[in-house]
Amino acid sequence: METLKRTKVKELLKTEPGKQVQAKGWVRTKRGNKQVKFIALNDGSTINNIQIVANTGDFDDSIIKGITTGASICVTGKLVPSIGSGQAVEILAEELTVYGECNPMTYPLQKKDTSLEYLRTVAHMRLRTNTFGAVLRIRNAMAFAIHKYFNEKGFIYLHTPLITESDAEGAGDMFQVTTLDLNHIPMHNGKPDFSKDFFGKKTCLTVSGQLEGELGATAVGEIYTFGPTFRAENSNTPRHLAEFWMIEPEMAFYDIEDDMELAEDFIKSLVRYALENCMDDIKFLNEKYDGSLIERLESVTETGFQRVTYTEGIRILEESKEKFEFPVHWGIDLQSEHERYLVEKHFGKPVILTDFPKEIKAFYMKQNEDGKTVRGMDVLFPKIGEIIGGSERESSLEKLETRIDELGMSRKNLEWYIDTRRFGTVPHSGFGLGFERLLLFVTGMSNIRDVIPFPRTPRNAEF
Ligand code: 4AD
Ligand code: MG
């Protein structure tokens, strides 16, 4: 006899009744009476559960008792039409095996307090909730959609290093990587002697793959990176992680206009993919957390993003009657409250802000004729603020070197990069999309810790 193979719940719910089937998963709920039990089973393949109907007389008492919320089981039986479960089919149990019991007295999911904050303290349970099931499936779908998007456009997925010597963003918020014994640091002229360190130099975890990405783009044309990124900024906000994922496309022969066009098309196409492929999960999140999620997602795919210069943005903020915590004047780095005012209150759609004061942006951005601003662009989204940061790159060797000197950065450490401007330099552009910021938008969750399975934030790296 052929042994019956397990079918995932997602498949079962789409299967015609009549067949003998097997399902495995974790019990969500058990209800019923002395004669019959209704078990809601979930295996993570979908937000939806499959209902199992078990006549208690057919099974040992101990088995029925062992089936409690959180227990893992295997069920074999006939797939039959369902009248009451809200699904088309259910399983009439013939065999039941309990893999792992889950003591109702100690299993934390029994507790009333299952707030997102509380869940962050119970790693094993957090990922098993409906909420994280939905978030993890959407996260997976978005990662796939990103690779699909660039693959179809002929971009090359470039793997850039996580360990690096260079502070690409010049913000100085890097995690150091060392094998030196911190209790006995070798010293030279009163300073740590990094020549004794693993790489013979001071090294850190990368804050961006862009500089290496530029080498890729100026070799094969169009590349993108998609990997972990590390920032030791001590900002405990709902939008910052110490370890996050970033997607950084970099394109030879693109000017800032091409760059903005790609950014807008990219993000719209990702949101469209989510609407087309993740609707069960999005509906769940819409109902549970954010009643205007679906509406917001649809609206973004349909509206053109508003393009406006930083200078104009500052004028709008200055002329607004809004009380901001951080005062506004030309030259400031915009805070999330300013970005959200422009997007949510003033324009009522996503905004692409361009041409920033050079003092608040990184050394590599292309300088405008005015000598004051650079050709950067930030894409600002409702509820989030900055979701993308990018620019056209300075392609002139002379201007780039002058800027590096002005900022007191080390030219020596950047020679490998500067060489791209020395030999066959081209106009080129790129941007970085924060993967978790995208997920905040697509899931409607309000804290960035809740769109990554194992968040890393200041004073928090346990799991
Ligand atoms: O604006 P940023 O700092 O730009 C860069 O790193 C450029 N090298 C990108 C490029 O042009 N290739 O970061 C890009 C995006 C931000 O817009 C934001 O979405 C996200 O990365 N981001 C963070 N996300 C989570 N936690 C943090 N601490 C983040 N810092 C930046
Ligand atoms: Mg930025």
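Counting starts at 1 for both ligands and their atoms, following the listed order. No experiment lies behind these values; they were computed from the predicted model shown.
- Between the Asp193 side chain and the His188 main chain, no donor and acceptor come within less than 3.5 Å of each other.
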>> Please determine whether salt bridge (Lys or Arg N to Asp or Glu O under 4.0 Å) holds for the pair Glu257 and Arg307, giving the CA-CA distance in whole Å, both sets of side-chain angles, and the decisive distance to 0.1 Å.
In response: CA-CA 10 Å; Glu257 295 293 326; Arg307 297 182 188 187; 3.5 Å; yes
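- The protein non-hydrogen atom at the shortest distance from atom 28 (N) of ligand 1 is Glu233 OE2, 2.8 Å.
- Taking the ring centroids of Phe324 and Tyr341, they lie under the 6.0 Å cut-off.
- Proximity annotation for atom 2 (P) of ligand 1: of Glu248, Arg231, Glu214, Arg231 comes nearest, heavy atoms only.
- Residue Asp378 does not touch ligand 1, judged by heavy-atom distances below 4.0 Å.
- Residue Arg393 places a heavy atom less than 4.0 Å from ligand 1.
- Taking the N/O/S atoms of Glu386 in turn, the shortest distance to the Mg ion (ligand 2) belongs to OE2.
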Donor-acceptor contacts under 3.5 Å from residues 451-463 side chains, at least two apart:
from   : atom 1 : to     : atom 2 : distance (Å)
Arg456 : NH1    : Phe463 : O      : 3.0
Thr457 : OG1    : Asn460 : ND2    : 3.4

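- Atom CD1 of residue Ile387 and atom CZ of residue Arg239 lie 11.5 Å apart, to the nearest 0.5 angstrom.
- Not a single heavy atom of Glu436 sits closer than 4.0 Å to an atom of ligand 1.
- The closest approach between Phe381 and ligand 1 stays at or above 4.0 Å for every heavy atom of the residue.
- Thr178 and Asp197 form a side-chain donor-acceptor contact under 3.5 Å, judged by distance and modelled atom types alone.
- Closest heavy-atom contact between Gly390 and Asp378: N-OD1, 4.2 Å.
- Per-residue contacts place Gly389 under 4.0 angstrom from the following atoms of ligand 1 (heavy atoms of the residue considered): 1 (O), 9 (C), 10 (C), 11 (O), 17 (O).
- The closest side-chain donor-acceptor pair between Thr309 and Thr311, if any, does not fall under 3.5 angstrom.
- Closest heavy-atom contact between Tyr417 and Thr420: O-OG1, 2.6 Å.
- The protein heavy-atom contact nearest to atom 18 (C) of ligand 1 is Arg437 NH1, 3.5 Å.
- Of all heavy-atom pairs spanning Glu250 and Ala217, the tightest one is O-CB, 3.3 Å.
- Near Gly390, meaning under 4.0 Å from one of its heavy atoms, ligand 1 places the atoms 11 (O).
- Close approach to Arg239 involves these atoms of ligand 1, each under 4.0 Å from a residue heavy atom: 25 (C), 26 (N).
- Shortest non-hydrogen contact noted between Glu212 and Leu158 is O-CD2, 3.8 Å.
- For an aromatic pair to be called close, the ring centres must be under 6.0 Å apart, and Phe305 with Phe347 fails this.
- For ligand 1, one of its N or O atoms has an N or O atom of Gly434 under 3.5 Å away.
- At the top of the distance list for atom 10 (C) of ligand 1, counting protein heavy atoms only, stands Gln210 OE1, 3.2 Å.
- For the pair Ile387 and ligand 1, the shortest N or O to N or O distance falls below 3.5 Å.
- With a heavy-atom cut-off of 4.0 Å, Phe431 touches ligand 1 through its backbone alone.
- For ligand 1 and Glu386, the ligand atoms under 4.0 Å from any heavy atom of the residue are 1 (O), 16 (C), 17 (O), 19 (O).
- The protein non-hydrogen atom at the shortest distance from atom 24 (N) of ligand 1 is Phe244 CD1, 3.5 Å.
- In this structure, Gln367 contributes its side chain and Glu394 its backbone to no donor-acceptor pair below 3.5 Å.
- Donor-acceptor pairing under 3.5 Å is lacking for the side chains of Tyr364 and Glu214.
- Of the protein's heavy atoms, Leu241 N, 3.0 Å lies nearest to atom 26 (N) of ligand 1.
- When heavy-atom distances to ligand 1 are checked against a 4.0 Å cut-off, Tyr364 comes that close only through its side chain, counted from C-beta outward.
- Atom 21 (O) of ligand 1 has as its closest protein heavy atom Met246 SD, 3.4 Å.
- Neither the backbone nor the side chain of Thr229 has any atom closer than 4.0 Å to an atom of ligand 1 (non-hydrogen atoms only).
- At the top of the distance list for atom 15 (C) of ligand 1, counting protein heavy atoms only, stands Gly432 O, 3.6 Å.
- Residue contacts with ligand 1: Ala168 is excluded, as none of its non-hydrogen atoms falls under 4.0 Å.
- In terms of N/O distances under 3.5 Å, ligand 1 is approached by Glu169.
- In summary, no N, O or S atom of Asp378 is located under 2.8 Å from the Mg ion (ligand 2).
- Across all non-hydrogen atoms, the minimal contact from Ile360 to Ile332 is CD1-O, 3.6 Å.
- Ligand 1 has no nitrogen or oxygen under 3.5 angstrom from a nitrogen or oxygen of His240.
- Residue Val207 has no N or O atom closer than 3.5 Å to an N or O atom of ligand 1.
- Nearest approach of Asn42 to Asn48, heavy atoms of both residues: ND2-O, 3.4 Å.
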